[in-house]
2 protein chains.
Amino acid sequence: MNSPVFRNWQSVQDEVLRRIRTRVWKPGDLIPNEADLAEEFGCARSTVNRALRAVAEAGLLDRKRKAGTRVAAQPVAKATLSIAVIRREVEERCRKYSYQRITRAECVPPLDVSAAMRTPAATTLLYVRALHLADDTPYALESRWINTDVVPGALQEPFQDISANEWLLQHAPYTDGEISFSAVAASTGDAQALGCAEGSALFAIDRLTWDADRSVTKVRLLFAPGHQMRTVL
Amino acid sequence: MNSPVFRNWQSVQDEVLRRIRTRVWKPGDLIPNEADLAEEFGCARSTVNRALRAVAEAGLLDRKRKAGTRVAAQPVAKATLSIAVIRREVEERCRKYSYQRITRAECVPPLDVSAAMRTPAATTLLYVRALHLADDTPYALESRWINTDVVPGALQEPFQDISANEWLLQHAPYTDGEISFSAVAASTGDAQALGCAEGSALFAIDRLTWDADRSVTKVRLLFAPGHQMRTVL
DNA sequence: CAGATTATTATGTACGCACATAAAAACATT
DNA sequence: AATGTTTTTATGTGCGTACATAATAATCTG
């Protein structure tokens, strides 16, 4: 067993991962350069490059020109969460999806919302509150503000049968977005909608999307108690 | 303005993103194949491939051999969360990090823990409970079970000054892991350690790592109320 | 010796070609 | 018309070369 020969970048990646995980290459270590590895693995440098780049993207290697490649001393575990459309999320768990709009109104938002969306304080926005259900039990409560200057079409949409969640994906272009996760206590209204006790610990996702420098929409999703997001490392 | 010429994969990527976001290519649309795009952009097919691959990884394109490349109908927003070592996380927010071990014990874990870690029900594990502080206020509460069969060195370590969080990264190899996020209500003990009200909504991260088919460690991090994880799309 | 200049070196990436592979489409067969 | 086979096609990937770029090391200069 001299040179096992790795003919594709995935197998090179696997070998690199193996060496990192079994501590052949320890955290902080400088690993051989691409040319040397290519020779050792019996493949082209570009193949090694592809593999190392992938591992570096995963956060397990730090690469710097000239300085070389070293094993990340503190591997920043990058958990990639897939935030899908809620209907799909529910259906993927093999449960029946349904949707109920609670309220729809054009009104002036609270100050924290207009501040976050950078709209003038007195500007009217479209507010939609709706419930997503799985097997007819509350799954997530959506509270959304829509900037109708950016998405005028939303004014014609009742959001009675299709959720704003899905409608916006189809109709509203955006260039940037931010997302945050937190835990919040259920307010009276939240608890009523989700059918849980007031003050329950709820998993919350807040999303804010931008089209260039104009905010498109701001949404908070509150999930029913017990909800968890999982991912593999 | 005929052929602007894109000479690197990033500029090709930018142009592709622009076309998706401005709806030149609408959700569900089949886009031109790599060879045609290469000709249009005045670059090699491999350059186009690199760009499209990157966009596809970001979840905005769906690619299939022979079938071609189409704009994702429902872009799965992939939020990449960087789960760093807590000390670094605190220090990056420009706050002073400190650490306090609360308990350390060798004992038999509750059934849900031994089940999740797939250890025999009566097996003794090492339990470490500790508090991470930022500017001397509680930041996160760590409750950890360590499989000493896999990491015997942990038995010699008091975890008095260095957190298990960091120690294990340096000393315990692992091959797989899973992570999950949720919201939980603070128990009496949690509330006392974190200095918050009992029943407060806390953001929780649960991590379970494996070395091949043996569990290495299981940890729950409970963050002080108000904590949020943010990322950009 | 400090500071500026020049080499050196490892990664980053472009290109063109070749072939592999999956999946759709076309075709043939019963 | 249902089934199986072949062709076609777009993506996936490997290779070798060339050059770009950033960061370090070596050298020169006042």
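Quick caveat: nothing in here was measured; it's all calculated off a predicted structure. Convention: sequence-line order gives letters A, B, ...; per-chain numbering from 1. Heavy-atom basis, side chains included; hydrogens, waters and symmetry copies ignored.
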### Message
How close do B/Ala204 and B/Leu222 get, counting heavy atoms only, and between which atoms?
### Response
CB-CD2, 3.6 Å

### Task
Specify the separation, in whole Å, of atom CG of A/Leu52 and atom C1' of C/dA10.
12 Å

### Query
To the nearest angstrom, how far is A/Glu57 atom CD from C/dT11 atom P?
16 Å

### Message
If you only use heavy atoms from C-beta on, which nucleotide in C/dT11, D/dT11, D/dG16 is closest to the side chain of A/Ala44?
### Response
D/dG16

#### Entry: For atom CD of B/Glu39 and atom P of C/dG16, their distance in whole Å
12 Å

### Task
Please state how far atom CD1 in B/Ile31 lies from atom C1' in D/dT11, giving the value in whole angstrom units.
12 Å

### Message
Looking at B/Asp14 and B/Ser11, would you say the former's side chain and the latter's main chain have a donor-acceptor pair under 3.5 Å?
### Response
no

### Query
In whole Å, what is the span from the CZ atom of A/Phe41 to the C1' atom of D/dC15?
17 Å

### Query
For residues B/Ser215 and B/Arg118, is any side-chain donor paired with an opposing acceptor at under 3.5 Å?
no

## Note on the structure
One would report the end-axis bend of the helix from C/dC1-D/dG30 to C/dT30-D/dA1, five pairs per end and rounded to 10 degrees, as 0°

### Message
Can you tell me if B/Arg63 touches the phosphate of D/dG12, counting only side-chain N or O atoms and a distance under 4.0 Å to OP1 or OP2?
### Response
yes

### Message
OP1 or OP2 of D/dT13 versus the side-chain N and O atoms of A/Arg50: is any pair under 4.0 Å?
### Response
yes

### 5′-ward residue of the pair B/Arg45/A/Asn33 relative to DNA chain C
A/Asn33

### Task
Quick one: sort the B/Tyr139 and B/His227 rings into parallel, tilted or perpendicular, breaks at 30° and 60°.
perpendicular

### Summary
When rounded to whole Å, the CZ to P distance for the pair A/Arg53 and C/dG12 reads 8 Å

### Query
So A/Phe159 and A/Trp167, would you call those rings parallel, tilted or perpendicular, with 30° and 60° as cut-offs?
perpendicular

### Message
Tell me whether A/Glu39 at atom CD has more than 12 heavy atoms from other residues, nucleotides or ligands lying less than 6.0 Å away.
### Response
no

### Message
Under a 3.5 Å cutoff, is there a donor and acceptor pairing between the side chains of B/Arg87 and B/Ser163?
### Response
no

### Query
Start at the 5' end of DNA chain D and walk down; is the nucleotide closest to A/Ala67 or to A/Cys43 reached first?
A/Cys43

### Query
Separation of A/Leu61 atom CG from C/dG12 atom C1', in whole Å?
15 Å

### Message
Taking any heavy-atom pair under 4.0 Å as a contact, classify A/Asn49: base, sugar-phosphate, or nothing.
### Response
base

## Note on the structure
Separation of C/dT11 atom C1' from A/Leu30 atom CG, nearest Å, is 12 Å

### Query
Closer than 4.0 Å, any side-chain N/O of A/Thr69 to the OP1 or OP2 of C/dT11?
yes

### Message
Does C/dG12 have OP1 or OP2 under 4.0 Å away from a side-chain N or O of B/Gln10?
### Response
no

### Message
Can you see if the side chain of B/Thr47 gets near the phosphate of C/dC15 - specifically, an N or O under 4.0 Å from OP1 or OP2?
### Response
yes

